[in-house]
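Structure, as C-alpha cells:
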Amino acid sequence: MSVINITGLGKNYGMVPATRDVTFSVDEGEIVAIIGSSGCGKTTTLRMIAGLESVSFGTIAIDGKVVAEEGKPGVPTEHRNIGMVFQSYALWPHLSVFDNVAYPLNLRKVPSKEIRRRVLETLALVGLESLDQRYPNELSGGQQQRVALARCIVAEPRVLLFDEPLSNLDAKRREQMRGEIRTLIKRINGTAIYITHDQMEAMTIADRIVCMNMGHVEQIGAPADLYERPVNKFVAGFIGDCDFLNCEVDAASRNAILSNGIRVPVGHINKPDLSGPATLCLRPDRLEVIAPRADPAVLPAEIVKKIYMGPVTEYTLRIGSEEIRVRDRDHNHPLGSAGVRIHEGGAMALFDQ
Amino acid sequence: MVLFTAAMIIIPLVAILYGALRSDAPGAPDATWSLQNLLHVYTNERYLNSLRNTLSLSVVVAALSVCLGAAMAWIVARTNAPFRDGLALLILIPLMMSNLITTLAWIALAAPNAGFINVIWKNLTGSTLYDIYSFSGMVMVLVTDHASFAFVAFYAALRSLDRSLEEASHICGANAIRTAFKMTLPLVWPTVVTSFIMIAIMTSENFSVPTLLGSKVGFQTLPSSIFIDMTDDPSKPTRAAAAGTMLLWIAIVGTWWQRRILARSSRYVTIGGKGGRSQPLDLGKWKWAATAFLCLFLIVAVVLPYAALFFSSFLKFLTAKITLKSFTLSNYEFLFEKDTRLAATNTLLYAGVFGAVVSVVYVVLSYIVRQVSNSRGGAVVEYLMMIPSSIPAIVLAVGLMWAYVGVDLPIYGTAFILLIGYFVRYIGLGVRHGRNALSQISPDLMEAARVAGAGQTRAVRDITLPLVMPSVGALWTLLFMSLFTEISITILLYSSSSMTLPVLLWKAMAAGYQTEAFAIAIVQAGIIFALIALANWKFGILRKALQ
C-alpha cells in the first residue's frame with residue numbers, strides 16, 4: 001500500500017504559481033526520484049511534503065493520514081516522522097558527529113544506552129565508525145554527507161527525503177555515493193523521495209521517476225519507461241540525449257516521413273493511432289554510421305564534423321537542412337557522405353500535446 | 001519592542017529641533033518659539049569659527065589616517081614583511097581603546113612642562129621637544145586612533161580583491177609600482193573615500209580630544225562649544241541645541257555622501273568577492289624596513305603613551321624635576337574612597353550588566369528586523385536602526401536632555417537617562433553586528449532540527465541560541481569597552497548618584513589633579529587590555545576583525 005499519497009498538490013508564491021496539480025504516490029520500500037531542471041518546482045514539492053512550506057492546493061497524506069491540505073495549517077514538520085538530507089547537509093556545527101546523529105533520538109526520548117547503541121550502529125552502516133567524536137568542520141565533504149545520511153535514517157522515520165544530496169560532491173565521489181545510497185535505503189527498507197536534476201543519478205537510485213517541468217508533472221514511470229517511451233519532447237530530451245527532426249507521421253505504416261521525403265521506421269509513438277506533423281527524436285547512442293548505400297532502412301546523410309571522445313567518436317551529420325549526432329565505436333569514417341542505420345529504440349515519434 | 005526602539009530613536013532627534021527653536025531653557029516660564037538661537041549660531045563668529053575648526057581638524061585627521069592605515073594594510077596584506085600577521089593584531093589595539101584614555105596618555109607623554117619626553121629632553125637640551133596642547137597634538141592623538149580604523153577597512157578591501165586582476169596586469173607587462181597605482185588603487189578607491197568620510201565624521205563629533213587639548217590654546221570645535229554652552233554658568237541649552245543642528249548637518253551630509261559612493265561602487269563587483277591567496281610581494285631587504293614601520297607605529301601609538309601614563313600615575317603631581325620623593329601610591333589610594341567606589345560600581349554595572357542585556361536586545365532586534373525586512377514597514381525600521389550611528393554623541397545627549405528634563409518620570413537626573421542614551425547610541429553597531437551573526441546561521445540548520453522532530457522553541461534553544469551565543473559575547477565585549485570609557489553622553493547627563501569612572505577622571509583633570517586622573521586611566525586601560533586579551537582568547541575578536 002502507498003505510504004505517501006500526493007493529490008493535486010500546488011503552491012503559489014503570491015500570485016505566481018510555483019507548482020500545480022502534482023499527483024503521485026510512493027509505496028512501502030519504494031524510492032521515487034523527482035527530476036527536473038532548476039526552478040521546476042521539485043524542491044518546493046519536497047519542502048511541502050516535509051512541512052517546511054505551506055500547501056496552496058491539494059493534499060499530502062502519510063500512511064493514509066492527511067498531514068497537509070489546502071487552507072489548513074497541517075501537521076507541523078516535527079510530528080510528521082520524517083528524515084531529510086539537505087543539499088547543504090545542514091549539520092549543526094556546534095555538535096559532534098555523535099550528537100548530530102543522536103539528536104532525533106534524543107527528541108524521541110529514547111533511553112541513552114539505546115541511543116548510544118543505535119548511533120554507533122548507524123554510523124557503522126554509513127562507514128563512519130571511528131569519527132563519532134569529530135566536529136562537522138573536521139570532516140571532508142563526503143564524510144559530512146554520510147553524517148547527514150546517518151542523521152536522516154537513525155530514528156527509522158516513516159519517510160526519507162533527499163534534497164539534491166550529492167550536488168556538492170565531485171563527480172567521482174558522486175558516482176560512488178549513488179550506488180551506496182540506494183543500497184542503504186533498500187537495506188533498511190526505507191520509503192524515500194529523492195530530488196535531483198541529474199538524470200543518471202535518478203535512474204541509478206530510483207525505482208520510479210517523476211519528471212517535472214515548469215511546475216507540473218510531465219511523466220511518471222520506471223526509468224526504462226521514461227527513456228524508452230517518453231510522452232513528449234521534454235521528457236525525451238531530459239532523460240537521455242536526443243536530437244530532434246521535424247517529420248510527418250504515417251500511423252498505418254508506423255513511419256516518420258522527413259521533409260526530404262525519406263521514410264524512417266519508428267519504434268515508439270506517444271499517440272500510436274494519429275497521423276500528422278510530429279517530432280522525430282533520435283538517440284545518438286542507438287544510431288550507427290555506415291558507408292552510404294541505397295537501402296530504404298538507411299538514412300542518407302553527410303558527416304560534417306567528428307569529435308574523438310575515447311570509447312566513441314561523435315559524428316555530426318547533416319540530413320537535409322537539419323543536423324543530428326551519432327556516437328559510434330568506429331572512429332574511422334571520413335567526412336563526407338555516409339549513411340545512418342537506426343537500431344532498436346533509436347527513433348521515436350512524438351506529437352505535441 | 002520595535003516600536004519602543006523607534007520611539008527611543010526619534011524622541012531625542014525631535015527634541016533637539018524643538019530645543020533649537022525655543023527662546024529659553026526647558027521649563028523656563030516665559031519660553032516661546034523663536035528663530036533667534038538658530039540665527040545666532042549660524043551667523044556668530046564664535047560658532048562659525050568652531051565649524052571651521054571642526055572641518056579642518058576632521059579633514060586633516062581623516063587624510064593622514066587614511067594614508068597611514070592604507071600603508072600599514074598594504075604591508076600586512078600584500079608584502080612579505082616579517083611578523084606582519086602578529087603585528088596586525090596589535091595594530092587593532094588603538095581601535096578598542098577610548099580616545100579619552102589615549103588623550104590622557106599623551107598628556108602624560110608630551111605635556112609641555114612635565115610630559116615624559118619633554119622632561120627628558122629638557123634635561124638634555126633645556127628646551128621643549130613637543131607640545132601636545134596644539135593643533136598638531138590633537139591631530140597626532142586622533143590619527144593614532146583612527147589609523148587603526150582605516151587599517152581594518154583597507155586590509156579587508158585588499159584581502160577580498162581578486163588577485164588575478166593584479167596578476168593579469170603583471171602579465172600584460174606592468175611592473176609592481178605601475179600595477180599598484182593603475183590597478184590596485186582604483187579598485188580600492190571606494191574604500192579610500194568611504195573610510196575618509198567615516199573618519200572625518202568620527203573626528204567631527206569627537207569631544208574629549210579638542211576639549212582636553214584644544215581649550216588651552218583657544219581652539220574650539222563644535223562639540224567642545226556645545227559642551228561649554230551646556231556646562232558653563234549660566235548654561236545655554238538653546239544655543240547648544242542650535243549648535244547641535246549644525247554638527248548634525250556634517251554627519252548627515254557625510255553619511256549621505258558615503259552611502260552614495262557605496263551604492264555607486266557596487267559596480268566594482270570584484271570587491272567583496274573571495275580573493276585567493278597568492279605570492280606576497282617580495283620587498284627584498286626593504287622587508288625589515290616595512291616591519292620597522294609597523295613597530296614604529298605601535299611604539300608611538302601605544303607603547304610610549306601608555307608607558308608614560310603608567311609612570312606618571314605614580315607621581316604626586318606633574319613636575320619637571322623628578323626625584324625619588326616625587327613618587328607616591330596615593331593616586332591609587334584615591335580609588336578606594338567612597339565616591340570612587342560608587343563610580344566604579346556604576347561603571348561596571350552599566351558596562352557589564354547593562355551591556356550584556358542590550359547585547360541580547362540588539363541581537364533579538366536584528367532578528368525581528370530580519371524577519372520583517374521584506375515588508376514595506378521593515379525597510380523603514382531597518383533604516384531607522386542605522387540612524388543613531390550617525391548622530392554625534394554629544395548632540396544625542398543634548399537631545400535627551402531636552403526630551404526628558406521636564407517629563408514627570410524618574411528619568412532625567414537618574415541612571416535611566418544614561419541607559420537610554422547608551423541604548424540609542426550603540427543600536428546601529430549592535431543591530432549590524434547581530435545581523436551579521438544571524439546571517440551566518442543558515443535556515444537549513446533550523447529546518448534540519450524541525451525535521452529531526454524538534455518544535456520551534458526547542459529548535460531555537462538547541463540550535464540557534466548556541467550558535468548565536470559567541471556573537472552575543474563578542475558584541476558584549478565591544479559594548480563593554482565602549483561603555484566602560486563613555487564620556488560624551490555621560491558628561492552631560494550624569495548625576496551624583498549615576499557618576500562613572502570617566503566622569504570622575506574628567507573632573508580630576510578639570511580640577512588639576514592630573515596624576516589622580518592618570519591612575520583612573522591606568523586602571524581603566526588595564527581592565528580593557530585584560531578584556532581584549534580574554535575576549536580574543538575566547539571569541540577571537542581581534543582575528544575576526546581582520547577577516
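Chain identifiers are assigned alphabetically (A, B, ...) following the order of the sequence lines, protein sequences preceding nucleic acid strands; residue numbering begins at 1 within each chain. Bear in mind the structure is a predicted one, so any value in this text is a computation, not a measurement.
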Please output the residues of residues 460-473 of chain B in contact with chain A, using a heavy-atom cutoff of under 4.5 Å, in numerical order. B/Asp462, B/Ile463, B/Pro466, B/Leu467
Tell me, out of A/Pro157, A/Pro93, A/Ala155, who's got the most heavy-atom pairs with chain B below 4.5 Å. A/Pro93
Compare all side-chain heavy atoms of A/Pro76 with those of B/Gln456 and state whether any distance is below 4.5 angstrom. no
Nearest-0.5 Å distance, NE2 of residue A/His94 to CG of residue B/Leu445: 8.5 Å
Should we count OH of B/Tyr367 as having more than 12 external heavy atoms under 6.0 Å? no
Taking NZ, NE, NH1 and NH2 as the nitrogens, is one of them in B/Arg458 or A/Glu78 under 4.0 Å from a carboxylate oxygen of the other? no
Are more than 12 heavy atoms from other residues, nucleotides or ligands located less than 6.0 Å from atom CZ of B/Phe83? no
Heavy atoms of other groups near A/Lys72 NZ, more than 12 under 6.0 Å: no
A/Trp92 and B/Ala452 have their tightest heavy-atom pair at CH2-CB, 4.2 Å
Atom group of A/Leu105 that falls short of 4.5 Å from chain B, counting heavy atoms: neither
Separation of A/Glu53 CD from B/Glu447 CD (nearest 0.5 Å): 8.0 Å
Is it the backbone or the side chain of A/Arg47 that comes under 4.5 Å from a heavy atom of chain B, or both, or neither? side chain
Only one of A/Asn81, A/Ile82, A/Val85 passes side chain to side chain contact (heavy atoms under 4.5 Å, CB included) with B/Val451, and that residue is A/Ile82
Selection from A/Leu107, A/Thr77, A/Asn106, A/Val154 maximising heavy-atom pairs under 4.5 Å formed with chain B: A/Leu107
Would you mind telling me which of B/Ala459, B/Gly453, B/Gly455 has the largest number of heavy-atom pairs within less than 4.5 Å of chain A? B/Gly453
